[in-house]
Amino acid sequence: MSEKSENITARDVTQPTREELGSAVDDMRDSVVAFTYDGDRSSQDHLSGAPEERDLVLGEDDPRDAALAEHPLTEDVAWTGRIFNVDRLRVELPDGRAAIRDVVRHPGAVAVVALTEDGRICLVRQYRTALGRVTVEIPAGKLAPGEDPLECASRELLEETGMSAQKIAFLTTIASSAGFCDELIHIYMATGLAFGKSDPDADEFINVDLVPLDELIDAVLDGRIEDAKTVVGALVCDAIMHRLTPGEDAEE
């Protein structure tokens, strides 16, 4: 044993006392209580606004919305990934208390409802590791920094399916999961399709299907399609088709 080792005092290797451990646990518990409201709700003293019968008013357009706002106090990057980051925010709630919000910061994405002349929708089949199975989705991809969403839609459609479109029209934008992620997905409809050579990313392995629109709508309504952008894209496409031909249902 070295001289340095012999000089180590008993205090240097002493385990924390029960009192010290208890104090540390109490401090941790106090911190959790300060930022967590899904457990003990005994201190909650506010209610949701009473239901009102009214015309639709979008978020931020109602004067009462200002009283719902949370005000960021601090924001730190908790984790940095290849596609997105996770930031931890400390916010002030409307009643003055503080809370922690973990937010996924995503650059945004596009998705494309590619419709053939005979009424078929292009779907891609991919294995999704997060779900542990193959899913059926409309083509989609992440926006590059500063990339125009319309140009991204053309690029992703060609890369994933080998298709180019004469016309691409904007349909809608959706927030994929507003509770914890700022990702916005811009959905487009592509028509006048021509088929060429695909060029998927190195880690993308894809099969491409062309399925009748009505079959896709049935699968959506039956709950057999779980991908959110595909559900929205299919329903919007179906609604547009019915508005363009309003008399068909009445004639049948």
Side-chain angles (χ1 to χ4, degrees), residues 14-52 56-111 128-132 140-153 156 170 172-187 201 203 226-229 231-232:
T14 299
Q15 296 295 321
T17 66
R18 183 178 297 275
E19 290 75 14
E20 290 172 333
L21 287 173
S23 177
V25 169
D26 289 341
D27 289 343
M28 292 174 62
R29 184 179 294 111
D30 290 342
S31 297
V32 170
V33 169
F35 298 123
T36 304
Y37 305 110
D38 291 334
D40 180 13
R41 302 171 63 87
S42 59
S43 62
Q44 177 179 322
D45 57 0
H46 65 276
L47 302 174
S48 298
E52 293 187 13
L56 173 66
V57 179
L58 299 181
E60 303 295 315
D61 290 342
D62 187 330
R64 299 176 303 166
D65 290 347
L68 304 176
E70 298 179 357
H71 302 285
L73 302 173
T74 61
E75 180 170 356
D76 300 295
V77 178
W79 182 81
T80 301
R82 182 173 67 89
I83 296 177
F84 58 81
N85 295 340
V86 179
D87 288 6
R88 172 155 290 187
L89 285 75
R90 187 171 182 265
V91 301
E92 181 182 354
L93 299 175
D95 63 1
R97 291 183 296 173
I100 292 296
R101 304 295 192 216
D102 290 333
V103 178
V104 174
R105 298 297 191 189
H106 190 283
V110 301
R128 294 301 196 182
T129 302
L131 298 179
K142 178 175 66 69
L143 283 163
E147 185 176 20
D148 179 79
L150 179 60
E151 295 179 0
C152 181
E156 286 293 341
F170 174 76
T172 190
T173 296
I174 62 173
S176 59
S177 188
F180 66 88
C181 182
D182 67 357
E183 180 190 30
L184 297 177
I185 303 178
H186 309 288
I187 304 179
D201 293 340
D203 60 351
E226 66 270 296
D227 179 66
K229 63 183 179 293
V231 170
V232 173

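Closest of all the heavy-atom pairs between C152 and L143 is CB-CD2, 3.6 Å. Of all heavy-atom pairs spanning V104 and F84, the tightest one is CG1-CD1, 3.6 Å. Residues P94 and A69 share a closest heavy-atom pair of CG-O, 3.6 Å. For E70 against P72, the heavy-atom pair with the smallest separation is O-CD, 3.6 Å. Here the shortest heavy-atom pairing between E147 and K142 reads OE1-O, 4.3 Å.
Annotation: the span from T74 atom OG1 to R90 atom CZ amounts to 6.5 Å, rounded to 0.5 Å. If you take CG on L89 and CZ on R101, they are separated by 9.5 Å, rounding to the nearest 0.5 Å. Summarising the geometry, atom CH2 belonging to W79 is positioned 11.5 Å from atom CG belonging to D87; distances are rounded to the nearest 0.5 Å. Once rounded to the nearest 0.5 Å, the distance linking CD1 of I174 with CD1 of I185 reads 4.5 Å. From E60, atom CD reaches atom CG of L58 across 10.5 Å, with rounding to the nearest 0.5 Å.
R105 pairs with exactly one of V77, T80, V86, D182 by the side-chain contact (heavy atoms from CB on, under 4.5 Å) rule, that one being D182.
We find that E226 and R128 are not joined by a salt bridge, their nearest charged nitrogen and carboxylate oxygen being 4.0 Å or further apart. Classification of R82 and D203 as a salt-bridged pair holds, one side-chain N sitting under 4.0 Å from a carboxylate O.
A search for side-chain hydrogen bond (donor to acceptor under 3.5 Å, both in side chains) contacts involving D227 returns K229, T230, not counting sequence neighbours.
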